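Okay, structure first, notes after.
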Amino acid sequence: MTATIDTQTTPPTTHPGILAWVTEVAELTQPASIHWCTGSDEEWAQLTASLEATGTFTRLNPEVMPNSFHAASDPTDVARVEDRTYICSVDERDAGPTNNWMDPEKMKELMRGLYAGCMQGRTMYVIPFVMGHLDAEHPMFGIEITDSAYVTVSMRVMARMGTDVLRRIEELEAAGDDPQWVPALHSVGMPLEPGQADVAWPCNDTKYIVQFPEERMIWSFGSGYGGNALLGKKCYALRIASVMARDEGWLAEHMLILKLTSPQGVTKYVAAAFPSACGKTNLAMLKPTIPGWKVEAIGDDIAWMRIGEDGRLWAVNPEFGFFGVAPGTNEHTNPHAMETIRKGNSVFTNVALTPDGNVWWEGLENTPAEATSWKGERWTPELAEETGELSSHANSRYCTPIKQCSILADEYDDPRGVPIDAILFGGRRKTTIPLVTEARDWNHGTFMGATLSSETTAAAVGAVGVVRRDPMAMLPFIGYNAGDYFGHWVGIGKDNDAAKLPKIFYVNWFRRGDDGGFLWPGFGENSRVLKWVIERIDGQAAAVETPIGHVPAPGSLDIDGLDLTEDELAKALAVDVEEWKAELPQIEEWFEKFGDDLPAVLWSELDTLKARLGA
Ligand code: GDP
Ligand code: PGA
Ligand code: MN
């Protein structure tokens, strides 16, 4: 089967800046053809057919998963590559102690060498996209150039893209505005000789994921996977946008956004920052187990938040799809995600393929008698028992349109966003961190965020299960000096009316008991924690003051109908002074990294914590 993509000799825009950039990139990378993406259904059909032809995609059984595809990556290209990710600010100081840095001119020279001729034999796709709404006051445009049809198809799910975006840029330009757009260049880094057959997952051992913050520009090379390659997501909406947000007084955060309605019909909006693979998507689509409560999703990964005219913090989700962790997702843990996926129009990467043309992963119901693993090998439950071989990579993903989510809140389509009542910070910690703690005030909440810690996961290449500081769940995504970033958070508190800002909480669904099991059942039961949070904000729920903040008073967290005793709950909520004393040197060491760039108020928060712990 062969399939070709329509390529144009006449570009569909006369915008001089865009044309000049596309021409420059084409001259450098030398693609066989150029395709300007329209975002149409026909284009999707052509692209997915061409991906089937190269063996990248296997079409799933339309009876079970319509218009959906399975892909398996190269086994070396399965997650974000943090050690290959750079913030190339002009001044090294501006990248701070948490980012890799290289002089921008040196990096450009190095990467121009890699990009030279790198698209030979391939189609170059030009993807006009917008993060957030096309009709926002200042639409946040981007243009991704990529030589990957897989990336192009995934971008169509994850971002609003296509001809409409070009038209809007031209329209604003004609009206005398100067619409900015982020140039985002991506190549898998595997040119094809004439006649050379393609592989299912082209990539290169040499990888660079580079942000140039001053120029608001992204260059990515060598990887086709997720956050490395879908440049609107982590690279733009977090790394570049965090720099824009610093300069313009807003926040670009690694947060889900949800709408919570109580049995009395009172509505609240919650944003929550957890590191990658620590529960954002699950919480965003949570199905409450407590009667009468309702959760609607607005976003599962990224929140852009601005202070509104009313002094409140308003959040939008700039994305258009879900890029969710597959393993562990099932009818019990995330029924809404399952329902969203079943509507089809999705791409599944690095999960298992079943003989009846469906997908499967660890933790999903109906374990198949046999399947083809993400590595393309025969997999059976019996073999797995023997060898421990997983059918799906731990960071395997579903990529699904957000509009298919039946519990998507109407406010998702409002470019003004929603006013946030509570911000939760959370991580994955076996010990020390209670189920929920309320911050005393904004600065204390900023301290909680700045000292957030979590065990590493498969979402990034490297060791799994190692505790590290992951401030505001943004460690891999802060596009500038993290000391300045903390200062920016402190500044939001200082410059605004504290009474109108969200209240800040710290949660941990992952604390374990002596038997190694989770102390808290999690998932839908997390609605009980959300309920306590809302009742705190409304002055209804009781709390006890501890050295680290306010935790639920006995009886104030609703465990009605839950198979959990007050004693077990007490373990999940416990503040162990000795454990916290052991945490202090780690926090101190973390803060010392930032030298004079760390806001003084964070040192005084640490002093307060020490004094309260009697340390
Ligand atoms: P995200 O990357 O932050 O969006 O994380 P996900 O929501 O995709 O979840 C990552 C992993 O954590 C999945 O394997 C989930 O099953 C698991 N997880 C999510 N929420 C909970 C929870 O409340 N308790 C427990 N024990 N695991 C959870
Ligand atoms: P996430 O990130 O785990 O936060 O969804 C995905 C990625 O960056 O590839
Ligand atoms: Mn997620």
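Only this structure's heavy atoms are used, side chains among them; waters, hydrogens and symmetry mates stay out. When a ligand or atom number is given, it counts from 1 through the structure's own listing order. Because the structure is predicted, anything quoted here is derived from the model rather than measured. One-based numbering along the sequence shown.
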Within 6.0 angstrom of [X] [atom1], more than 12 heavy atoms from elsewhere:
X	atom1	value
Glu365	CD	yes
Asp83	CG	yes
Lys343	NZ	yes

Have a look at [options] and point out the one with the heavy atom closest to [atom].
atom	options	answer
atom 18 (N) of ligand 1	Phe523, Tyr398, Trp361, Phe322	Phe523
atom 26 (N) of ligand 1	Phe274, Phe518, Trp520	Phe518
atom 1 (P) of ligand 1	Arg397, Lys280, His254	Lys280

Could you check whether [Y] and [X], counting side-chain N and O atoms only, form a donor-acceptor pair closer than 3.5 Å?
X	Y	value
Ser406	Glu339	yes
Trp361	Asn350	no
Thr457	Arg428	no

Polar proximity ligand 1 side, [X] side, N/O cut 3.5 Å exclusive:
X	value
Thr329	no
Gly279	yes
Phe510	no
Ala277	yes

Short list, please: which atoms of ligand 1 are under 4.0 Å from a heavy atom of [X]?
X	value
Asn282	6 (P), 7 (O), 8 (O), 9 (O), 15 (C), 19 (C), 20 (N)
Pro327	13 (C), 14 (O)
Pro275	3 (O)
Ser276	2 (O)
Val325	2 (O), 8 (O)

Problem set entry | Salt bridge present between Arg429 and Glu583 (N-O < 4.0 angstrom) |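 Salt bridge: yes.
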Exercise. With the threshold set at 4.0 Å, does a side-chain nitrogen-carboxylate oxygen contact exist between Glu82 and Arg468?
Worked result: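 Answer for the salt bridge query: yes.
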Exercise. Do you see an N/O/S atom of Thr281, backbone or side chain, under 2.8 Å from the Mn ion (ligand 3)?
Worked result: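 Yes, Thr281 qualifies, because one of its backbone or side-chain N, O or S atoms lies under 2.8 Å.
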For this session: Measure the distances from the heavy atoms of Asn526 to every atom of ligand 1 and state whether one is below 4.0 angstrom.
Result: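 Yes, that is the case, since the closest heavy atom of the residue is under 4.0 Å from the ligand.
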For this session: Using a 4.0 Å heavy-atom cut-off, say whether Arg428 meets ligand 1 through its side chain, its backbone, both or neither.
Result: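 The answer is the side chain of Arg428.
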For this session: Sort out for me which residue in Lys234, Arg80, Gln211 forms a side chain to side chain contact (heavy atoms under 4.5 Å, CB included) with Thr85.
Result: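 One option only clears the test, and that one is Gln211.
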Exercise. Is the NZ or CZ atom of Arg239 positioned over Phe477's six-membered ring, under 6.0 angstrom from the centre and within 45° of the axis?
Worked result: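 Pair Arg239/Phe477 does not count as cation-pi.
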